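Just so you know, these numbers come straight off a predicted model, no measurement behind them.
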Amino acid sequence: QVQLVESGGGLVQAGGSLRLSCAASIRAFSTYAMGWFRQAPGKEREFVSSISLRGGNTNYADSVKGRFTISRDNAKNTMYLQMNSLKPEDTAVYYCAARRLTTSLAPDAYEYWGQGTQVTVSS
């Protein structure tokens, strides 16, 4: 049974930083591409970032490029999202997701999802 558990969300002032973690109980974690998505109230779920099997290939939404950094530790079955220079528009529930082999920007392409962690950025 696959389980993804996000942590690290919270309330932060604009300009601050947070580090999200996604702990995965997946057999052969290194065979899964991983992604971060977010959903703000009244909006659709949107792509934030993705990372390939060994972390050599990463993608970012334009809105977070240069501020967020995705990484993974396959030995710990964990993925991270370092978020710096946070803005109020980054406020959302952040989800981690997993799919076999290749990354994707499309939420529907991912097989497994976590329950989400709330990030709130105050102005």
Side-chain angles (χ1 to χ4, degrees):
Q1 182 176 357
V2 174
Q3 188 174 18
L4 303 176
V5 179
E6 301 96 336
S7 62
L11 173 64
V12 64
Q13 289 188 330
S17 298
L18 285 173
R19 188 193 195 203
L20 304 184
S21 298
C22 173
S25 60
I26 298 180
R27 182 177 296 180
F29 177 69
S30 61
T31 66
Y32 285 81
M34 302 294 293
W36 286 101
F37 294 80
R38 66 187 182 187
Q39 188 166 18
K43 295 187 176 182
E44 293 186 353
R45 192 169 297 189
E46 65 173 4
F47 170 80
V48 175
S49 184
S50 65
I51 189 166
S52 59
L53 303 185
R54 290 178 175 81
N57 185 22
T58 58
N59 292 292
Y60 297 93
D62 288 343
S63 59
V64 307
K65 205 170 291 184
R67 300 187 297 122
F68 291 10
T69 302
I70 192 171
S71 62
R72 65 189 293 166
D73 186 339
N74 287 348
K76 295 182 178 180
N77 279 24
T78 304
M79 174 180 66
Y80 305 96
L81 186 68
Q82 178 67 44
M83 305 187 296
N84 299 328
S85 303
L86 283 161
K87 304 175 181 179
E89 50 264 44
D90 294 319
T91 295
V93 177
Y94 283 71
Y95 298 90
C96 67
R99 71 185 301 266
R100 291 301 303 273
L101 299 178
T102 58
T103 60
S104 174
L105 277 61
D108 291 347
Y110 286 79
E111 302 168 58
Y112 304 106
W113 290 84
Q115 83 289 348
T117 185
Q118 176 70 47
V119 171
T120 303
V121 184
S122 63
S123 57

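Side-chain contact between Glu111 and Val2 is absent, with no heavy-atom pair separated by less than 4.5 Å. Residues Trp113 and Arg45 have side chains in contact (heavy-atom distance under 4.5 Å, counting atoms from C-beta outward). Contact of the Thr31 side chain with the Ile26 side chain is not registered, since no non-hydrogen atoms from C-beta on lie closer than 4.5 Å.
Contact between Leu20 and Trp36 at its shortest, heavy atoms only, is CB-CH2, 3.7 Å. Closest of all the heavy-atom pairs between Gly114 and Glu6 is CA-OE2, 3.2 Å.
To the nearest 0.5 Å, atoms CD (Gln39) and CD (Glu44) are separated by 8.0 Å. The OG1 atom of Thr102 sits 12.5 Å away from the OH atom of Tyr32 when rounded to the nearest 0.5 Å. Taking CD1 of Ile51 as the reference point, atom OG1 of Thr103 lies at 10.0 Å (rounded to 0.5 Å). We find the CD-CG distance between Gln118 and Leu11 to be 9.5 Å, quoted to the nearest 0.5 Å.
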Can you check salt bridge (charged side-chain N to carboxylate O under 4.0 Å, His left out) on Lys87 and Asp90, steps first, answer last? CA-CA 5 Å; Lys87 304 175 181 179; Asp90 294 319; over 6 Å; no
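Below 30°, between 30° and 60°, or above 60°: for Phe68 and Tyr94 the angle between ring planes is between 30° and 60°, a tilted geometry.
Under the side chain to side chain contact (heavy atoms under 4.5 Å, CB included) test applied with Phe37, the options Ser49, Ser50, Pro107 reduce to a single match, Pro107.
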